[in-house]
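Residue numbers begin at 1 in each chain, while the letters A, B, ... track the order of the sequences.
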2 protein chains.
Amino acid sequence: MHRTHHCGELRIENKGEKVILSGWVQRVRNKGGLLWIDLRDRYGITQLLCEEGKTNEDILKTARKVGREFVLQAKGEVLERFSKNDKMATGEIEISLEELKILNAAKTPPFTIEDDTDGGEELRMQYRYLDLRRPAVREKLKLRHQLMQATRRFMDSAGFLEVETPVLIKSTPEGARDFVVPSRVHEGEFYALPQSPQTFKQLLMVSGFDKYFQIVKCFRDEDLRADRQPEFTQIDCEMSFVEQEDILNTFEEMVKYLFKEVKGVEIDDFERMTYDQAMKLYGSDKPDIRFGMPFVELNEHAQGKGFNVFDQAELVVGINVPGAAEYTRKQLDALTEYVKRPQIGAKGLVYVKCNEDGSFKSSVDKFYSQEDLNAWAEAAEAKAGDLLLVLSGDIDHTRRAMNELRLKMGTELGLRDRNVFKPLWVLDFPLLEWDEETKRFHAMHHPFTSPKPEDMEFIESDPGRIRANAYDMVINGVEIGGGSIRIHDKSLQQKMFKALGFTEEEAQKQFGFLMEAFEYGAPPHGGIAFGFDRLCAMFGGSDSIRDYIAFPKNNAGRDVMIDSPATISPEQLKELHLSIK
Amino acid sequence: MHRTHHCGELRIENKGEKVILSGWVQRVRNKGGLLWIDLRDRYGITQLLCEEGKTNEDILKTARKVGREFVLQAKGEVLERFSKNDKMATGEIEISLEELKILNAAKTPPFTIEDDTDGGEELRMQYRYLDLRRPAVREKLKLRHQLMQATRRFMDSAGFLEVETPVLIKSTPEGARDFVVPSRVHEGEFYALPQSPQTFKQLLMVSGFDKYFQIVKCFRDEDLRADRQPEFTQIDCEMSFVEQEDILNTFEEMVKYLFKEVKGVEIDDFERMTYDQAMKLYGSDKPDIRFGMPFVELNEHAQGKGFNVFDQAELVVGINVPGAAEYTRKQLDALTEYVKRPQIGAKGLVYVKCNEDGSFKSSVDKFYSQEDLNAWAEAAEAKAGDLLLVLSGDIDHTRRAMNELRLKMGTELGLRDRNVFKPLWVLDFPLLEWDEETKRFHAMHHPFTSPKPEDMEFIESDPGRIRANAYDMVINGVEIGGGSIRIHDKSLQQKMFKALGFTEEEAQKQFGFLMEAFEYGAPPHGGIAFGFDRLCAMFGGSDSIRDYIAFPKNNAGRDVMIDSPATISPEQLKELHLSIK
């Protein structure tokens, strides 16, 4: 038997018991003939004690040999400590050693195994198995475990069946790039790894499964950005005989359940806003509503007063930053520099300070009277002590820039508390978006999303105007999930492929099986998918999904620990009928 | 709202309620001015009623148009039926139609959507989404869902953390062939899909995760046999600071829990036997112990009496088939033919009937006296009315043939009841097995399995004799899971790779990261993996894993529904730096 207890378990009640513990050496201390070893495992740390003249000499000899991260098995008696440590769960006791065995030695680790480690990211990725020993990292993966189990409990109790869909499927040109898998048996042919189980879950609805879910790996061969991984995990869901409202209610319940179960937090009913509202009020389809500062359009108040910049702008838009009239010149200059950065791209920033005496001080006093500025302040519901920040230009860029500025002000004013959670449904997304590069429309969600019937009249004249039965769940400015009511009618699906520029032949080749399935009695259906890695990060209060993945890849898609990808043997290539160009 | 109830929900207590149902048309019947539609969904079937002269004429018109598998939405009042059907949960009621809407029409399906369908396997695979509508098929996948959820409940409550390991890993030459994934970013390099998360779960033990599990897809590019799939699902588990006994107990509990939760069956404590015992008594490392008929070695009784066939044989082995003395000449001839089939390969079959009067009748009466035969019968504990069946030849082939014959007799005598479950641990597997083709040893389990320390003396002299700390869980003659205590010492792992014919360089290139990890404090650890598809089939009382997979591939590894694998575009090939030879 390797242990009778784990290292987080013993208490003063166990005093006098003979126990066996196994674990890793956290640290060794020596003082005046006493030697302590802190023994660590997943569950905690327990202090082991040797005493010169009292503890057996062989044990002392062994104890003196051990270093950090050695694996030990220790047998002894539980003693009450002389000096207790009330910061440790086991802080009232220690183990007086009677046997000590080194189960495995350890080289000195390349970084310290502490929450506050001295290891850089690259080194920690290379030795990820040591990085995972740090309690803070393990807690993140424990949170992930808890979220997985709670999600499944909810879905199971709500009547969803978990169905595994295949990983070896077929490449489709729509969407992101596929990872492919050459077939050895079928020469010159390839499987593809799924970007999502979309078509399979729709087929399960055609099969009458009614409610499906799966926590499933998906794959995208995209150029990686900081927070993207080539493989990622989704909570994937689909329901039949539902309307949008049914889906929103079901998954609002799910997320409330997860917060309650995993974090002990009660979440309010979700706010809702349309895509158009979100863009108009926050310049983003994923607004952070932990704080206010909605956009105020100022064109009518700001134009025609001789300020050329505003007069020529498609949009003049402001936000009211409460209590920020005290911003200094230097702070305002820094904000101006911020919005002028290339990534944000504003030409300049106009401010209006609402003074305590009811007067205004602005950077455009030359063009605007106190009365003019008062009209702006009224429109923005600004009070004495507030600060108006105003941007102008074409609608899209200006909204985008103002979104960044609003988020920055929220951060500066400490309004984006990681322990506050404000979920939101964003509804009525556009069905299509125009792609300037390829000069054609792309599906904003995916080609299986159903348009709003009342907008179908624009299919020929103004396709960009069609709204979709599509929705995103946003929490604290992060898109956590998105979905739609799907098309379940073959001819509408065909029209959709046509609008997306597919030839009839291409549509048939890629999605013929789905359209054929629609002919055999497809029910109305819809669903949603959640980015599970991101959901974990959100629950953990972090921006980085990588911390919540046990063995992540780096920004170049490489696993530096196992050194993958790697070359394969000429025999393997030959069997796969491939050669490298 | 598409429905107020589902099609399996309404009872006589709902009489008088106005309800809305949605589902598929199972069948339509007409009789004397009455028209019934059986409406089906995942939950059941409800009967809809139209009455000429009573039901609205438009509804009647719609109802007359619908055919099998149309998707309908029906509104009406719950009535008590005139003639009740006590075989249906909803058999006491029917719905008097007040509104009827065709949500989607359906072409006539290519086979009947009934448990007893007229569709052949190929057709059902092509239209798998229709096959999945058959209640018997759906129930299989529902069982799979239940097993998944119950497994997770058990593992979670036993303190195991579910950790997702990567799918894009690195190709290793050991074991079966890998599926590989060409990298676009890293020219000429490939990821591989995991055959199991073996090395990652061992690294998690090095990380101190203590108890890990995952229900995970694995991949093997093997030549497919009837019951193999290129992608399959494993329950993968690993524990630290354990000995074999801890693992056996934990997973015996798990399987008992699953039987109790999912099937309501209490399972006895598992029997245990060594690999050597299993081979000697049953000629198989996965004996079916639902019935007896253990092997009896008869060399000492059967040799030296002038029967050349037995005299020259390495092994003479019999089984006692209880009560089968009444087998006719014709039946015995059929058994002889059976064992002489090329797949079984015995030269012939000797029988001894134990007559009711205490005498014996055998096919070798010429060579053996009644006294001789009595000695055989006594050795086999045969009683009057029993039948001894005897095979001979070299040990391996003869045991294998007798295993087949024993199983056949078990089946013929009805001793292999699908509702009886007899699990068994087979222990002490050999560490290595000799491969005649490559003239080297292969790891019987895998190269990370630890040898029994007391057998290490044979590492140079007789490696085939070394037993491993490896175990299989066998239920009813099917291997459900297998695992081992692992090596956690770098130098032993190096020795192991050497014994398997790896050069030091190869071992370093492939598994250097694991051996390096062992230097930083690896705990003693071990684990097990269960074939989840097979476990589902076992619980469902079926031999075919394919029935328990939502979208299986055929024997050529092809998904005939989506037509995969398929060619990819020249642009894709170019991006991947590949050309097809």
Given a strict heavy-atom distance threshold of 4.5 Å, which part of [X] is in contact with chain B: side chain, backbone, both, or neither?
X: A/Arg153; value: side chain
X: A/Lys107; value: both
X: A/Asp246; value: neither
X: A/Pro524; value: side chain
X: A/Phe70; value: neither
X: A/Met561; value: both
X: A/Gln149; value: side chain
X: A/Leu514; value: neither
X: A/Asp131; value: neither
X: A/Leu573; value: side chain
X: A/Glu575; value: side chain
X: A/His488; value: both
X: A/Phe213; value: side chain
X: A/Gln126; value: neither

Check [X] against [Y] and note the closest heavy-atom contact, atom names and distance.
X: B/Glu231; Y: A/Val167; result: OE1-N, 2.7 Å
X: A/Val181; Y: B/Val181; result: CG2-CG2, 3.8 Å
X: A/Leu578; Y: B/Lys581; result: O-CE, 3.6 Å

[X] versus chain A, the contacting section by heavy-atom distance below 4.5 Å:
X: B/Glu516; answer: both
X: B/Thr108; answer: backbone
X: B/Arg68; answer: neither
X: B/Tyr43; answer: side chain
X: B/Phe219; answer: side chain
X: B/Val163; answer: side chain
X: B/Phe532; answer: side chain
X: B/Thr199; answer: neither
X: B/Ser171; answer: side chain
X: B/Val242; answer: backbone
X: B/Gln572; answer: side chain
X: B/Ala105; answer: backbone
X: B/Met205; answer: backbone
X: B/Ser22; answer: both

When [options] are compared by non-hydrogen pairs under 4.5 Å with chain B, the top option:
options: A/Asp221, A/Leu203, A/Leu103; value: A/Asp221
options: A/Asp41, A/Val185, A/Ile215, A/Leu204; value: A/Leu204
options: A/Met148, A/Arg138, A/His2; value: A/His2
options: A/Asp223, A/Asp559, A/Ile549, A/Asp489; value: A/Asp223
options: A/Pro230, A/Pro182, A/Ser207; value: A/Ser207

Quick check for you: to the nearest 0.5 Å, what is the distance between [X] atom [atom1] and [Y] atom [atom2]?
X: A/Glu189; Y: B/Ile580; atom1: CD; atom2: CD1; answer: 9.0 Å
X: B/Phe209; Y: A/Leu141; atom1: CZ; atom2: CG; answer: 4.5 Å
X: A/Thr567; Y: B/Lys170; atom1: OG1; atom2: NZ; answer: 8.5 Å

Say whether, by atom type as modelled, one donor and one acceptor occur between the side chain of [X] and the main chain of [Y] under 3.5 angstrom.
X: A/Ser564; Y: B/Tyr191; result: no
X: B/His186; Y: A/Ala556; result: yes
X: B/Arg133; Y: A/Val206; result: yes
X: A/Trp24; Y: B/Gly521; result: yes
X: A/His145; Y: B/Glu162; result: yes
X: A/Arg42; Y: B/Gly208; result: no
X: B/Lys553; Y: A/Leu168; result: yes

[options]: which one forms the most heavy-atom pairs within less than 4.5 Å of chain A?
options: B/Thr233, B/Leu576, B/Ile113; result: B/Thr233
options: B/Phe179, B/Phe200, B/Phe160; result: B/Phe200
options: B/Leu72, B/Leu132, B/Leu161; result: B/Leu161
options: B/Pro110, B/Ala522, B/Pro552; result: B/Ala522
options: B/Glu245, B/Lys574, B/Arg558, B/Lys142; result: B/Arg558
options: B/Glu243, B/Glu69, B/Gln510; result: B/Glu243

SB check [X] [Y] (cutoff 4.0 Å):
X: B/Asp210; Y: A/Arg3; result: yes
X: B/Arg152; Y: A/Asp156; result: no
X: B/Asp178; Y: A/Arg184; result: no

As a quick check of understanding, evaluate side-chain contact (heavy atoms from CB on, under 4.5 Å) for B/Arg144 and A/Glu164, giving each step before the final call. CA-CA 10 Å; B/Arg144 186 180 178 106; A/Glu164 290 163 87; 2.6 Å; yes
Would you call the rings of B/Tyr127 and A/Tyr520 parallel, tilted or perpendicular, where under 30° means parallel and over 60° means perpendicular? perpendicular
